[in-house]
Amino acid sequence: MIKENLRIVEENIQKACDKAGRDRGEVTLIAVSKTKPVEDLMEAYDAGIRVFGENKVQELCDKMEKMPDDIHWHMIGHLQKNKVKYIVGRVDLIHGVDNEELAKEINKRAEKAGVVQDILIEVNIAEEETKFGIAPDKVEDFYVNISKLPYVNVRGLMCIAPNVDDEEKNRRHFVNLHKIFVDIMNIMGNNNRVDIMSMGMTGDYRVAIEEGATMVRVGTGIFGARNYQGGFTGHGNDE
Ligand SMILES: *Cc1c(COP(=O)(O)O)cnc(C)c1O
């Protein structure tokens, strides 16, 4: 089933790229495997997937140990400061950075580990009260501030659009994220490498790609529905 799902997702990505006149190579598919067993991840791996996204540090580290070494891991969930030390230098990208304390902690741990950690700024693009992320009008200032940290490399932006029945409803949010992305690319003549826009999930990755996403994070569309014990508030939260 996972293999067939991946074929469909791949087909949709290609169609969205064609529609937008984009090259398929511009878009990275992140297979969001949270809550799923290693066997499922291996099925995706055997079908060619090498980029996985998880939203809990413990689960991420467990799976990292059990899976092959050529995988690129992404931390896509909200990250607690005290858990930064477990993943810095081990994940390719930390998607959900939305406060200075967290950025400073990543910087500190990266220096200790002798690496420069790639991160994304999470933007609360629809200004939802329940969501994490920097307010759209505060992103530029936040970017300028954390860009000064020498062991952190801000590669771009990430957003979680609202949960909607029709993905067209999220198009304007993706358009808005793209505008902010262009703005921060132009700050400081883009001395830093700002080149990633992580937006689009199972319900809206096609539209996100049409509006310029360079990374899409697809979970349910690949692995099927998730079973949660306890409350699930809509997106990743490392509590
Ligand atoms: C769970 C999750 C996804 C994947 O969601 P699906 O709707 O299952 O594709 C993407 N991004 C983040 C941050 C998530 O927590």
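Just follow the structure's listing: the first ligand is 1, and inside any ligand the first atom is 1.
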Check ligand 1 against [X] and write out every atom of the ligand that is under 4.0 Å from a heavy-atom position of the residue.
X: Val218; value: 9 (O)
X: Arg217; value: 4 (C), 9 (O), 10 (C), 11 (N), 12 (C), 13 (C)
X: Thr202; value: 6 (P), 7 (O), 8 (O), 9 (O)
X: Thr220; value: 6 (P), 7 (O), 8 (O), 9 (O)
X: Ile160; value: 13 (C)

Is there any N or O on Asn55 that sits under 3.5 Å from an N or O of ligand 1?
-> no
State whether the shortest distance between N or O atoms of Gly219 and N or O atoms of ligand 1 falls below 3.5 angstrom.
-> yes
Give a yes or no answer on whether the side chain of Asn170 reaches the backbone of Pro162 with a donor-acceptor pair at less than 3.5 Å.
-> yes
Say whether, by atom type as modelled, one donor and one acceptor occur between the side chain of Arg24 and the main chain of Cys17 under 3.5 angstrom.
-> no
Option of least heavy-atom distance to atom 14 (C) of ligand 1 (set: Lys34, Met201, His95, His74) = Lys34
Ring geometry between His74 and His95 (parallel below 30°, tilted from 30 to 60°, perpendicular above 60°) | tilted
Check the hydrophobic clustering (I, L, V, M, F, W, Y; side-chain heavy atoms under 4.5 Å; chains of links allowed) and say if Ile71 and Ile49 are grouped together.
-> yes
Please determine if Arg217 forms a cation-pi arrangement with Tyr205, meaning its NZ or CZ atom is less than 6.0 Å from the six-membered ring centre and no more than 45° off the ring axis.
-> no
Among Arg171, Arg206, Lys179, find the residue that satisfies the salt bridge (charged side-chain N to carboxylate O under 4.0 Å, His left out) test when tested with Glu211.
-> Arg171
